[in-house]
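Everything on this sheet refers to the single structure shown next.
These figures come from a predicted structure and were not determined experimentally. Sequence positions, counted from 1, serve as the residue numbers for this chain.
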Amino acid sequence: MRRVAVVMAAPAETIRWLKGRVKAVPSGDTLVIIGSSKAEIPPEKTINLAHLGAPRLARRGGVDEPFAWESKEFLRKLCIGKEVTFRVEYTVPAIGREFGSVFLGDKNVAMLVIAAGWAKIRDGQQKGEVSSSLQVLLDLEDQAKQQGLGRWSRAPGASEASIRNLPPSAMGDPSNLDAMGLLASNKGKPMEAIVEQVRDGSTLRVYLLPDFQFVQVFIAGIQAPTMGRRVAAETVVNNDITSDEPNGESSSEPRALTSAQRLAASKASIAEVAPDPYGREAKHFTETRILSRDVRIVLEGVDKYSNLIGSVYYPDGESAKDLGLELVENGFAKYVEWSANMLEDDAKRRLKNAELQAKKTRLRIWTNYVPPATNSKAIHDQNFAGKVVEVVSGDCIIVADDSLSFGDPSAERRVNLSSIRTPKLGNPRRDEKPAPYAREAKEFLRNRLIGRQVHVSMEYSRKVSLADGPVPSASADSRIMDFGTVFLASKDGEDVSPAPSAAGSQQAGVNVAELLVGRGFATVVRHRDFEERSNYYDALLAAESRAISGKKGMHSPKEPPVMHVTDLLTASAKKSKDFLPFLQRNRRMPAVVEYVLSGHRYKLFIPKETCSIAFSLSGVRCPGRDEPYSNEAIALMRRKIMQRDVEIEVEKVDRTGTFLGTLWESRSNVAVILLEAGLARTQTSFGADRLQDAHLLMQAEQAAKRQKLKIWENYVEGEVVSNGAVAERRQKEEVKVTVTEVLGGGKFYVQSVTDQKVATLQRQLASLNLQEAPVIGAFNPKKGDLVLAQFSADNSWNRAMIVNAPRGAVQSSQDRFEVFYIDYGNQEVVPYSQLRLLDASVSSTPGLAQLCSFAYLKVPGLEDDYGQEVAYRLSELVLSAPKEFKAIIEERDTSGGKVKGQGTGTIFLATLVDPETDVSVNATLLKEGLARLEKRRRFEPKDRQQAMDELEKYQKEAKDKRLGMWEYGDVESDDEDSAPSARKAAGKR
């Protein structure tokens, strides 16, 4: 029994004409038409030409009907990419197909196809009443038959010759394609092809002409968002052009499905993985430019799965466009280093620059792009020149950027060498010994780079887990590392030429990473396909191959060298004293500066005695960590002596195990350099007669005093300055601040508004993964340790110091710890579950909260009379709403020592001015009777006298009105500290 398809004709009054553009031509009688909507993905329809039947193209394992390919090609060349007008005449619901009329301008496409002989009228259309339009088609078909046009050709052998001899498809069986052979014979040569299918924005299935080899091609250097996993059933149900048949073919022949098959297909489609964001848009972008079009493909390479990688060019007028570059420029694809390395240098550079621009404008896939938090200004494709100030390890250095000013914290930039790995140095605090050749790799780099001018080309950033073990957990803390290639001028003093890149024809000297790998001190990282890598990756692989064949360094069969170093910094003071005779045997001995601990104190390595020592300059002292110009002294010494070869002369060892003496770098006494720069002062208590080059030290200090450099900027000839002065007089500073915490006794904490470290630290903290609570015993915070703690008021994570901790190991997640937030000045008690190990990337920045007190005032403490009123009023004045104040630093009180918790540390004695009213908070407290002036000092400076005279009128006003603490009369006495309480005194009366 023959099945009869039910045809549903649309009522004449409902038929309307639509406009669109032909997107694809799957066969000689079928068009895919997209609408003229301005939407990024406009609607589309698959229209079969009414009444026509073209020869069928081959499905997998089959052959074409005669003239099937020529029929499709006629329609493709006639219509592809052109504007058409169409309407649906009738549908066949059983197969979900729509049949209609299509007009190209004023010409009926069906008539053009029939007249050229590339299709026939479907069987059964001639029976019954024939419409006038169908009669025209029948007449045109008869004419084509009579003339032997198209499929009606009567030429001998024409029918057989029109059947394509299709080679086996590689879609179902990759072994059917000799990818390497195809690449070898066609590399770099443009190959003509027709795009049959777009799998996603950067993956195509094409026919290579003239052999009709059906292959899949990945566009080189890019990757578009994926379309998810698709199932064959969905394609059959939708009957769409994007067939998932292994050979990629589609057919105009209807295919009916049973209800069971449709149910199975619908269930399969439910399990489909959704496309990536912008996956559909990227695919549509590619389809509208190349689907069913002639393109040129230049094969660039083959991956390890024998997939073809190539560049795709399509015609645009008289020129050709690079599809990969267009996808990246329009934000539909990202640059992929592993396949970009197959391209020419110019093509790589264009793709990289296009991605950078798309990221800057946050275009499409980069809509939510946020540059990674790093210790550099910008990472991708940034070049800079500078001097190497430290070699951290065999594959990590610190470079002082020449474009940034001396003393700028961001001037020193950490650079990890791209795509290489050296043996780990280990951690002495954990009793981890250096791996074989770790010391040799670092020393090799130190000898060649320290103090030398280099050019750095930053290439990529990567988030690296800090957890131990080869496979860190997903919740482990991590930090951002910046990777680049470093070039060293081949000769001392040779200028480093700017801006070399992988695309450049010349390098700026020697590639340091290649040098390390070639000496056998590093190995090349085997990146995964999608990972970014060095622009000189091939050169690194070649260097490693040479090192292996030459059995150099870690590739040598010999036992690796072993060095036992005694670290006297972690040893007892007695052990240091035992070493003193050995270090005094020679007047001068060579050493290497391993680290600058402060301006005048360093960690040195003594090669002759194979020991590391703490060494301090005799008779010279630089400002302490919390004092002005401390950082400048450290920065100067890092530039001058960090990791340099120096000479020392040891004189004695102090009670802490620190060796004292003189240090020379390039025959220059380092103490003289510090004194000349105004960053140190002599300590005559040591005994001037015992100092090396004593006369030079005194001359250097006197010269700095005369020029009023740094610590001597307020020096007055003849004024005696005590090294242990409680309050250090300095030129007044004005700083914009916000108040972050108010304490009793007129103390408060502030943050500098202009300090860039605040925003940088907040970004770094936001990038950390802090979801999971720490495992009990994973870390045991002790008093004085720095940690991350969750502030109870807003649940934000902040750096904190442990002020009090439970005794012994942590027993439960609810163990309580008292913490001090070093960036805000708050203090609270939090459970162990709200603590985390402090990430190394945020631990080096000093605390950003500065303790202040109101200058010239005595303010009641919280336990004193009016203490609570003062604290409440201060909170109203400075904390009720976020506000900027101008803080005028009058003096610095260093008697509190190093910061240990809330209310301790160096105190800035400040006048806090409200910029809106230009009235100081100091004056407001006096005016309201909530504070009183300090007693005047003998011989006090003129500026202090003037300031106190100005404030005294506010105090007098409060006294006269009996406000605040003056409500019961005068509370002052000759001895302020023993003065009776105002309220108690009133009670006695």
Run the numbers on Y536 and F487 for ring pair (Phe, Tyr, Trp, His ring centres under 6.0 Å), then give the verdict.
CA-CA 12 Å; Y536 303 88; F487 296 97; 5.5 Å; yes
Go through K145 and E141 one step at a time and tell me if the side-chain contact (heavy atoms from CB on, under 4.5 Å) criterion holds.
CA-CA 6 Å; K145 288 179 180 179; E141 181 183 49; 3.9 Å; yes
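- In this structure a side-chain-to-backbone donor-acceptor pair under 3.5 Å is present from N330 to E326.
- Side-chain atoms of S162 come within 3.5 Å of backbone N or O of S159 as a donor-acceptor pair.
- A salt bridge does not link K348 to D345: none of the charged nitrogens lies less than 4.0 Å from a carboxylate oxygen.
- Here K352 does not pair with E355 in a salt bridge; the nearest charged N to carboxylate O distance is not below 4.0 Å.
- Residues R87 and L18 are not in side-chain contact: their nearest non-hydrogen atoms beyond the backbone lie 4.5 Å or more apart.
- The residue from I219, V312, L323 that alone fulfils the side-chain contact (heavy atoms from CB on, under 4.5 Å) condition with T286 is L323.
- D303 places a side-chain N or O within 3.5 Å of a backbone atom of N307 that can act as its donor or acceptor partner.
- Without hydrogens or angle criteria, S185 side chain to G181 main chain gives a donor-acceptor distance under 3.5 Å.
- By the 4.5 Å heavy-atom criterion applied to side chains, S311 and E300 are counted as neighbours.
- To the nearest 0.5 Å, atom CG of residue L134 and atom CD of residue E89 are 11.0 Å apart.
- A salt bridge links D64 to R164: at least one charged side-chain nitrogen sits closer than 4.0 Å to a carboxylate oxygen.
- Counting only distance, with no hydrogens or angles, the side chain of T30 and the backbone of P26 share no donor-acceptor pair below 3.5 Å.
- Between the side chains of Q146 and D142, no donor-acceptor pair is found at a separation under 3.5 Å.
- Residues E337 and S534 approach most closely at OE2-O, 4.3 Å, considering heavy atoms.
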Run the numbers on Q357 and N353 for side-chain hydrogen bond (donor to acceptor under 3.5 Å, both in side chains), then give the verdict.
CA-CA 6 Å; Q357 187 59 37; N353 292 339; over 6 Å; no
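- H51 NE2 to L137 CG: the interatomic distance, rounded to the nearest 0.5 Å, is 6.5 Å.
- Here the side chains of L182 and L308 are in contact, with some heavy-atom distance below 4.5 Å.
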Hey, mind stepping through F218 and S339 against side-chain contact (heavy atoms from CB on, under 4.5 Å) and telling me if it holds?
CA-CA 9 Å; F218 294 88; S339 62; over 6 Å; no
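- Looking only at distances, no side-chain donor or acceptor of D211 sits under 3.5 Å from a matching main-chain atom of Q213.
- Between Y335 and I222 there is no side-chain heavy-atom pair separated by less than 4.5 Å.
- Sparse packing is recorded around NZ of K19, with 12 or fewer heavy atoms of other residues, nucleotides or ligands lying under 6.0 Å away.
- A 4.5 Å side-chain heavy-atom check between R21 and V32 finds every atom pair outside the cut-off.
- Under the 3.5 Å distance criterion, the side-chain polar atoms of T367 are left unmatched by any main-chain donor or acceptor of L363.
- A donor-acceptor contact closer than 3.5 angstrom is absent between the side chains of Q223 and S202.
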Can you list the steps and then say if L325 with L351 is a side-chain contact (heavy atoms from CB on, under 4.5 Å)?
CA-CA 6 Å; L325 182 60; L351 288 176; 4.1 Å; yes
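- Relative orientation of the F212 and W69 rings is perpendicular, given thresholds of 30° and 60° on the angle between their planes.
- Applying the 6.0 Å contact sphere to CZ of R364 captures more than 12 heavy atoms from other residues, nucleotides or ligands.
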Does L204 form a side-chain contact (heavy atoms from CB on, under 4.5 Å) with E196? I'd like the steps, not just the answer.
CA-CA 8 Å; L204 322 173; E196 283 295 296; over 6 Å; no
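- Between R151 and E65, no side-chain nitrogen of the basic residue sits less than 4.0 Å from a carboxylate oxygen of the acidic one, so the salt-bridge criterion is not met.
- In this structure a side-chain-to-backbone donor-acceptor pair under 3.5 Å is missing from R205 to Q216.
- By the 6.0 Å contact criterion, CG on N165 is open, its count of non-hydrogen atoms from other residues, nucleotides or ligands being 12 or less.
- L208 and A193 make their closest contact through CD2-CB, 4.0 Å (heavy atoms, listed as atom of the first residue, atom of the second, distance).
- Closest heavy-atom contact between D29 and G53: OD2-CA, 3.6 Å.
- We find that E70 and K72 are not joined by a salt bridge, their nearest charged nitrogen and carboxylate oxygen being 4.0 Å or further apart.
- A donor-acceptor contact shorter than 3.5 Å links the side chain of D276 to the backbone of T226.
- Of the inter-residue distances, the one linking I194 atom CD1 with L209 atom CG reads 4.5 Å to the nearest 0.5 angstrom.
- Put simply, OG on S306 and CG on D178 are 8.5 Å apart, with the number rounded to the nearest 0.5 Å.
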What pairs of donor and acceptor atoms, side-chain ones from residues 107-120 against any protein atom, are under 3.5 angstrom apart with sequence neighbours left out?
residue, atom, partner, partner atom, Å
N108, OD1, A110, N, 2.9

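- G20 and E83 make their closest contact through O-OE1, 3.1 Å (heavy atoms, listed as atom of the first residue, atom of the second, distance).
- Within the 4.5 Å cutoff, side-chain heavy atoms of L104 are placed close to those of K82.
- Minimum interatomic distance between E98 and T91 (heavy atoms only, all atoms of both residues): CG-CG2, 3.7 Å.
- Note that R289 lies in the cation-pi zone of F285, set by a 6.0 Å cut-off to the ring centre and a 45° limit from the axis.
- For I290 against V195, the heavy-atom pair with the smallest separation is O-CB, 3.2 Å.
- S101 has its side chain within reach of W17: a pair of non-hydrogen atoms, C-beta onward, lies under 4.5 Å apart.
- Rounding to the nearest 0.5 Å places CD1 of I47 at 11.0 Å from CZ of R97.
- Looking only at side-chain heavy atoms (C-beta outward), W366 and K334 come within less than 4.5 Å of each other.
- Atom-to-atom distance recorded for L183:CG and K189:NZ is 11.0 Å, nearest 0.5 angstrom.
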Using salt bridge (charged side-chain N to carboxylate O under 4.0 Å, His left out), reason through K283 and D200 one step at a time and then give a plain yes or no.
CA-CA 5 Å; K283 180 182 177 185; D200 58 51; over 6 Å; no
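- Within the 3.5 Å criterion, the main-chain N or O of V25 finds a donor-acceptor partner in the side chain of S292.
- Comment: D294 engages R76 in a salt bridge, judged by a side-chain N to carboxylate O separation of less than 4.0 angstrom.
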